[in-house]
Amino acid sequence: MDDLRLLREMRAEVPEPGAEWLVSARARLLRRVRTWHLPRFGRRLLLAGALGGAASVVIATRRDGPGVVARSPVVRLDSATVLRQAAEVAESRPRPAVPRPDQWHYTRTLDKQANDAPGSPGTTQEGWIRYDGKQAAGYGEDGRMHVSDVPPDPGDDDLSPQQYDAKLRRLPTDPDDLLAHVSGDRHWIDLPVEEGVKKNAEPPDARAFRVIFLYLERHVVMPPKLEGAMFRALMKIPRVVVEKDVADAAGRRGLGIRFDWGGDPDALSYHILDPRTYRYLGSRMVWLRDEYIQGDSRPAFRAGSVWATALLASGIVDRPGRRL
């Protein structure tokens, strides 16, 4: 199973697509790959010295037949070494203060979609949400700040930052216990039945990998011990691959972490970490072969296409309109 196969399953009963359907399909695919979209509640150690001789050259962009891109040389790193170092750095961070309910979580993201025009700057989004989740804010097309009340919603996607952080603090900090938890965690994983994807179809290792990165992406205040445990749990997941110099949508190069499904993948999907701080930077998906929507003779995604995102800012401010 791989992410593109999931996309094909989602398309199984879809009629001839229109432009608006393509936008919807891309959005669903992106959520399956890494649930990256702007969260509804908003959202110095040198690598060379840490890694020593752990790097090796492996294969990723030459053409290899029509509609296919073979992987050109990339630098693969020893995943256990990288993740252990990430855990040690995370555990050394000062414990963050718990925000007040009346403070605001500010998030700014950049999204460059695979079918954007060449040279497109991508789409930047920013938003504010009160830590208690009662209000959201953002700038409208008129250039003015608009603040609105947020109705309560019990769904996991709509937890307030305060509720979400409380959920995080309840997670086990022993890496084995944490891994056991996330291997069966249904948090943001299963698509609705009507979208044609069989529930619980994901292997436990792949599910654990995905859930850990959902937590690393979307948290507001992460306890250092828990963040370290997440990296140590990743060390225990087979087929976790770490590559050097993977770029996010803002062009920042970091450590690309991906789950290796094995076989001949249709695409590679990365979560990207800063190589010094191990903070989350963004994501990148690279198509290795043309991807078609059923019934369409033209590929929806051409081999070599890239879909990238960047988390440009995320943190607590005292009022809407304040930026980091």
Side-chain angles (χ1 to χ4, degrees), residues 3 29-39 43-48 50-51 54-55 58 60-61 71-87 89-90 93 107-114 116 121-125 206 208-219 222 227-228 230-231 233-235 237 239-261 265 267-288 304-315 324:
D3 294 316
L29 172 61
L30 192 58
R31 285 196 296 272
R32 277 306 275 184
V33 172
R34 34 155 196 74
T35 313
W36 166 255
H37 61 296
L38 184 67
R43 240 178 82 115
R44 198 148 157 228
L45 295 172
L46 294 176
L47 177 64
L51 296 178
V58 299
T61 26
R71 285 172 277 177
S72 58
V74 297
V75 178
R76 180 177 292 185
L77 306 175
D78 180 76
S79 60
T81 303
V82 173
L83 295 171
R84 184 179 299 108
Q85 179 67 18
V89 171
R93 307 194 208 279
T107 307
R108 184 170 73 254
T109 64
L110 174 63
D111 187 344
K112 291 187 176 181
Q113 297 189 20
D116 283 350
T123 301
T124 300
Q125 293 181 292
F209 178 86
R210 187 173 299 188
V211 171
I212 286 173
F213 272 102
L214 289 173
Y215 285 134
L216 290 172
E217 291 173 28
R218 300 189 61 166
H219 74 89
M222 176 74 76
E227 186 178 7
M230 289 187 179
F231 288 121
L234 284 170
M235 291 172 57
I237 300 175
R239 299 189 303 190
V240 172
V241 174
V242 181
E243 295 175 13
K244 187 179 180 181
D245 290 332
V246 178
D248 69 5
R252 301 174 298 187
R253 295 191 171 273
L255 302 169
I257 319 292
R258 63 181 177 87
F259 183 83
D260 185 0
W261 291 89
L268 299 179
S269 178
Y270 298 92
H271 300 278
I272 306 170
L273 304 178
D274 184 285
R276 294 173 299 173
T277 67
Y278 302 96
R279 297 286 194 184
Y280 194 88
L281 293 181
S283 67
R284 184 178 186 89
M285 184 172 183
V286 183
W287 273 260
L288 302 180
S305 296
V306 175
W307 194 338
T309 67
L311 179 60
L312 301 176
S314 178
L324 297 171

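The structure presented is a predicted model; accordingly, all values stated were derived computationally and were not measured. Numbering of residues begins at 1 and proceeds along the displayed sequence.
Closest of all the heavy-atom pairs between Ala114 and Ser305 is CB-CB, 4.0 Å. The two atoms that bring Gly228 and Ala87 nearest to each other are O-CB, 3.5 Å, heavy atoms only. Closest non-hydrogen pair, Trp287 versus Ala267, comes out as CA-CB, 4.0 Å. The heavy-atom pair separating Ile212 from Ala233 by the smallest distance is CD1-CB, 3.9 Å. Shown here for Leu324 and Ser314, the closest heavy-atom pair between the two residues is CD1-C, 3.7 Å. Considering all non-hydrogen atoms of both residues, Leu273 and Tyr278 come closest at CD2-O, 4.0 Å.
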### Task
Walk me through it: do His271 and Leu214 pass the test side-chain contact (heavy atoms from CB on, under 4.5 Å)?
CA-CA 10 Å; His271 300 278; Leu214 289 173; over 6 Å; no

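Annotation: the span from Arg284 atom CZ to Leu268 atom CG amounts to 10.5 Å, rounded to 0.5 Å. Rounding to the nearest 0.5 Å places OG of Ser79 at 9.5 Å from CZ of Arg84. One finds the CG atom of Leu77 at 12.0 Å from the CD atom of Gln85 (value rounded to the nearest 0.5 Å). In this structure, CG on Leu281 lies 5.5 Å from CG on Asp248, to the nearest 0.5 angstrom.
By the side-chain contact (heavy atoms from CB on, under 4.5 Å) test, Ala208 pairs with Leu179, Val182, Ser183, Ile237, sequence neighbours left out. For Ala206, the side-chain contact (heavy atoms from CB on, under 4.5 Å) criterion is met by Glu202, Pro203, Phe259, Trp261, not counting sequence neighbours.
Side chain of Arg93 to backbone of Thr277: a donor-acceptor contact under 3.5 angstrom is found. Between the side chain of Thr309 and the main chain of Ser283, a donor-acceptor pair closer than 3.5 Å is present. Of the possible donor and acceptor atoms, none in the side chain of Arg279 sits under 3.5 Å from a partner among the backbone N and O of Asp274. Although no hydrogens or angles enter the test, the distance criterion places no donor-acceptor pair under 3.5 Å between the side chain of Tyr215 and the main chain of Glu217. With hydrogens and angles ignored, the 3.5 Å screen pairs no side-chain donor or acceptor of Arg258 with any backbone N or O of Val241.
In this structure, the side chains of Asp116 and Trp307 stay at 4.5 Å or more apart for every pair of heavy atoms. Side-chain atoms of Val240 and Met235, non-hydrogen and from C-beta on, never get closer than 4.5 Å to each other. Contact check for Val89 versus Glu227: no side-chain heavy atoms found under the 4.5 Å cut-off. Counting only heavy atoms from C-beta outward, the side chains of Val75 and Asp245 never approach each other to under 4.5 Å.
Partner Ile272 forms a side chain to side chain contact (heavy atoms under 4.5 Å, CB included) with one of Val246, Leu311, Leu255 and no other, that one being Val246.
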